[in-house]
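Reading through the structure tokens given below for one structure.
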Amino acid sequence: QVRLVESGGGLVQAGGSLRLSCAASGRTDTVYGVGWFRQAPGKEREFVATISLRGGNTYYADSVKGRYAISRDNAKNTVLLQMNALKPEDTALYYCAAGSVGILAKEYDYWGQGTQVTVSS
């Protein structure tokens, strides 16, 4: 089992920045990748970014490419999501997920509870 705890969400004005953190505990040696997903009210959960924990390869959704950066600190079992130039449409509940490396939610076995990001215009 792997436990994930997200933090760092909050309220920010458009154009601002936030940094989300995902702290993992438990059998993290069984995890190959960590991803971030988000879900806005009335919308389906969507992929945001993912990183492989071995090679550090990253992949982003087109909607956040160039604005978001995902990184890892394997020694601390933490994955960060730096979010810059935030837009009101980035408002959502952001989830951290661990498992494989991919853009589909079904590729991840473990999920955190989510952290709310709200961007005001």
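Since the structure is predicted, the reported quantities are computational estimates derived from the model, not experimental observations. Along the sequence shown, the residues carry numbers beginning at 1.
- Between Ile51 and Val79, some side-chain heavy-atom pair lies under the 4.5 Å cut-off.
- In this structure, CG in Asn84 is found 9.5 Å from OH in Tyr68, a value given to the nearest 0.5 Å.
- A donor-acceptor pair under 3.5 Å is formed between the side chain of Thr50 and the backbone N or O of Val34.
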Which is it for Asp62 and Lys65 under the salt bridge (Lys or Arg N to Asp or Glu O under 4.0 Å) test, yes or no, and what are the steps along the way? CA-CA 5 Å; Asp62 287 343; Lys65 200 172 294 182; 3.1 Å; yes
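- Using a 4.5 Å heavy-atom threshold, the side chains of Gln13 and Val119 count as separate.
- Side chain of Glu6 to main chain of Gly114: a donor-acceptor pair is present (N/O by atom type, distance under 3.5 Å, no hydrogens or angles).
- In this structure, the separation between CD on Gln113 and CZ on Arg3 is 8.5 Å, given to the nearest 0.5 Å.
- Shown here for Ser17 and Ala85, the closest heavy-atom pair between the two residues is OG-N, 4.4 Å.
- Note: the hydrophobic cluster containing Val101 does not contain Val64 (ILVMFWY, side chain heavy atoms under 4.5 Å, direct or indirect links).
- At a threshold of 4.5 Å between non-hydrogen side-chain atoms, the residues Tyr60 and Thr58 count as touching.
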Run Arg38 and Ser63 through side chain to side chain contact (heavy atoms under 4.5 Å, CB included) and show every step you take. CA-CA 12 Å; Arg38 66 187 182 185; Ser63 59; 3.5 Å; yes
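- Residues passing the ring pair (Phe, Tyr, Trp, His ring centres under 6.0 Å) test with Phe37, sequence neighbours excluded: Phe47, Tyr108, Trp111.
- The heavy-atom pair separating Arg27 from Thr30 by the smallest distance is O-OG1, 2.6 Å.
- Closest approach of Ser121 to Ala14, counting heavy atoms only: CA-CB, 4.4 Å.
- Contact record, Ala40 with Ala92: N-CB, 3.8 Å, taken as the closest heavy-atom pair.
- Looking only at side-chain heavy atoms (C-beta outward), Tyr32 and Arg54 come within less than 4.5 Å of each other.
- Using a 4.5 Å cut-off between side-chain heavy atoms of Ile, Leu, Val, Met, Phe, Trp and Tyr, with links allowed through other members, Tyr95 and Met83 fall into different hydrophobic clusters.
- Taking OH of Tyr94 as the reference point, atom OG1 of Thr115 lies at 10.5 Å (rounded to 0.5 Å).
- A distance-only check finds a donor-acceptor pair linking the side chain of Asn74 to the backbone of Leu53 [under 3.5 Å].
- Under the 4.5 Å side-chain heavy-atom criterion for ILVMFWY residues, a single connected hydrophobic cluster contains both Val48 and Val12.
- Asp73 and Thr78 share no donor-acceptor pair across their side chains, judged by distance under 3.5 Å alone.
- Legend: residues meeting side chain to side chain contact (heavy atoms under 4.5 Å, CB included) with Gln116, ordered by chain and number and at least two apart, are Thr91, Leu93, Thr118.
- Of all non-hydrogen atoms in Ala24 and Leu4, the two that sit nearest each other are CB-CD2, 3.6 Å.
- In terms of heavy-atom proximity, Gly8 sits nearest to Leu18 at O-CD2, 3.9 Å.
- Remark: side-chain polar atoms of Arg45 are not paired, donor with acceptor, to backbone N or O of Gln39 under 3.5 angstrom.
- No donor-acceptor distance shorter than 3.5 angstrom exists from the side chain of Ser21 to the backbone of Ser7, with no hydrogens or angles considered.
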